[in-house]
Novice: 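Handing you this structure, nothing more for now.
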Amino acid sequence: DSGVTQTPKHLITATGQRVTLRCSPRSGDLSVYWYQQSLDQGLQFLIQYYNGEERAKGNILERFSAQQFPDLHSELNLSSLELGDSALYFCASSLGLLNSPLHFGNGTRLTVT
Amino acid sequence: GDSVTQMEGPVTLSEEAFLTINCTYTATGYPSLFWYVQYPGEGLQLLLKATKADDKGSNKGFEATYRKETTSFHLEKGSVQVSDSAVYFCALIDSGYSTLTFGKGTMLLVSP
């Protein structure tokens with residue numbers, strides 16, 4: 001058990017809809033990361049937060065947004081969903097120090113129909 | 001930019017065979033290197049890491065040595081088990097950053 005909790009485990013929704021994915025980091029970790037895993041793109045870094053502030057941005061679409069709350073949990077919002085957004089979305093957490101290893105949750109599987 | 005290249009899978013082995021999964025990287029700085037493993041239906045778990053040249057990371061019988069001269073971090077295990085069947089990801093964090101760059105993953109299938 002990594003200590004990172006993601007909810008829900010599965011989401012099925014229709015194109016054009018909006019969903020929210022939630023992540024609780026490991027106790028003591030200040031940094032949260034979001035990754036998207038798909039068969040064709042592999043693991044793509046989306047965004048990182050550290051203690052409530054955005055720290056780094058990867059290949060995150062404008063339709064997607066995230067935030068980290070004062071209690072350090074994070075939410076990833078996906079809107080105007082398209083079929084191609086179907087993927088596994090992973091949250092990871094770390095101490096946020098340089099070179100700190102990341103600890104991953106079990107992911108949320110999003111299916112857009 | 002930074003990148004990680006892994007051998008394509010699947011790698012199919014019999015139990016007790018020797019395993020090598022190749023990984024090479026490019027980085028602008030001086031990265032730390034990691035291997036993660038993903039079992040079916042689960043998230044990624046940190047398997048081992050190395051933070052400087054010639055460091056050897058090891059865990060659960062797996063080993064990898066940070067080779068700066070060849071920019072490589074190959075994963076090895078002397079005798080694989082069926083329970084090692086999973087997808088293995090090589091990754092790096094470049095110096096001055098805290099985000100992981102992953103390779104595409106290599107699936108390992110071990111048969112009895």
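Every chain is numbered from 1, with letters handed out A, B, ... down the list of sequences. Small disclaimer: the values here were computed from a predicted structure and weren't measured. Below, all heavy atoms of this structure are taken into account, side chains as well, without hydrogens, waters or symmetry copies.
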Novice: Is there a side-chain contact between B:Ile93 and A:Leu102 in this structure, where contact means two heavy atoms from C-beta onward sitting under 4.5 Å apart?
Specialist: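 Yes, at least one pair of side-chain atoms sits under 4.5 Å.
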
Novice: Do other residues, nucleotides or ligands put more than 12 heavy atoms under 6.0 Å from A:Glu53 CD?
Specialist: no

Novice: With a 4.5 angstrom heavy-atom cut-off, is it the side chain or the backbone of A:Gln37 that approaches chain B, or both, or neither?
Specialist: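 The answer is the side chain of A:Gln37.
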
Novice: Transitively linked via ILVMFWY side-chain contacts under 4.5 Å: A:Leu78 with A:Ile60?
Specialist: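 They do share one cluster, since a chain of ILVMFWY contacts under 4.5 Å joins A:Leu78 to A:Ile60.
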
Novice: Can you say whether B:Thr51 sits under 4.5 Å from chain A via the side chain, the backbone, both, or neither, judging by heavy atoms?
Specialist: neither

Novice: Going only through I, L, V, M, F, W and Y residues with side-chain contacts under 4.5 Å, is there a path from A:Leu43 to B:Tyr39?
Specialist: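 Hydrophobic grouping puts A:Leu43 apart from B:Tyr39.
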
Novice: With distance as the sole test, does A:Asn106 use its side chain to make a donor-acceptor pair with the main-chain N or O of B:Gly43 at under 3.5 Å?
Specialist: yes

Novice: Please report the closest heavy-atom contact between B:Gln38 and A:Phe90, naming both atoms and the distance.
Specialist: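 Residues B:Gln38 and A:Phe90, closest heavy atoms: NE2-CZ, 3.2 Å.
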
Novice: Please determine whether residues B:Phe62 and B:Met7 belong to a single hydrophobic cluster, defined as Ile, Leu, Val, Met, Phe, Trp and Tyr linked transitively by side-chain heavy-atom distances below 4.5 Å.
Specialist: yes

Novice: May I ask you to test the B:Leu100-A:Tyr35 pair for a side-chain heavy-atom distance under 4.5 Å?
Specialist: yes

Novice: Measure A:Ser2 against the heavy atoms of chain B and call it side chain, backbone, both or neither at under 4.5 Å.
Specialist: neither

Novice: With a sphere of 6.0 Å drawn around CG of A:Leu39, does it hold more than 12 non-hydrogen atoms of other residues, nucleotides or ligands?
Specialist: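 No, CG of A:Leu39 has 12 or fewer neighbouring heavy atoms, counting only those of other groups under 6.0 Å.
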
Novice: Does the side chain of A:Phe45 reach to within under 4.5 Å of the side chain of B:Thr101, using non-hydrogen atoms?
Specialist: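 The answer is no; the side chains never approach within 4.5 Å.
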
Novice: Heavy-atom cut-off 4.5 Å, strictly under: side chain, backbone, both or neither for A:Arg109 against chain B?
Specialist: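 For A:Arg109, there is no contact with chain B at all, as no heavy atom is under 4.5 Å.
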
Novice: If two hydrophobic side chains count as joined below 4.5 Å and joins carry through other members, does B:Trp35 share a cluster with B:Leu109?
Specialist: no

Novice: Would you say CD of B:Glu8 has more than 12 non-hydrogen atoms from neighbouring residues, nucleotides or ligands within 6.0 angstrom?
Specialist: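 Atom CD in B:Glu8 is not crowded, with 12 or fewer foreign heavy atoms closer than 6.0 Å.
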
Novice: State, to 0.1 Å, how close A:Phe104 and B:Leu44 come at their nearest heavy-atom pair, and which atoms those are.
Specialist: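 Scanning both residues, the minimum pair turns out to be CB-O, 3.3 Å.
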
Novice: Please name the pair of heavy atoms, one in B:Leu46 and one in A:Pro101, separated by the smallest distance, quoted to 0.1 Å.
Specialist: CD2-CB, 3.5 Å

Novice: Identify which part of B:Gln45 has an atom lying under 4.5 Å from any heavy atom of chain A, answering side chain, backbone, both or neither.
Specialist: neither

Novice: Do A:Trp34 and A:Leu30 sit in the same hydrophobic cluster, where Ile, Leu, Val, Met, Phe, Trp and Tyr count as joined when their side-chain heavy atoms come under 4.5 Å apart?
Specialist: no

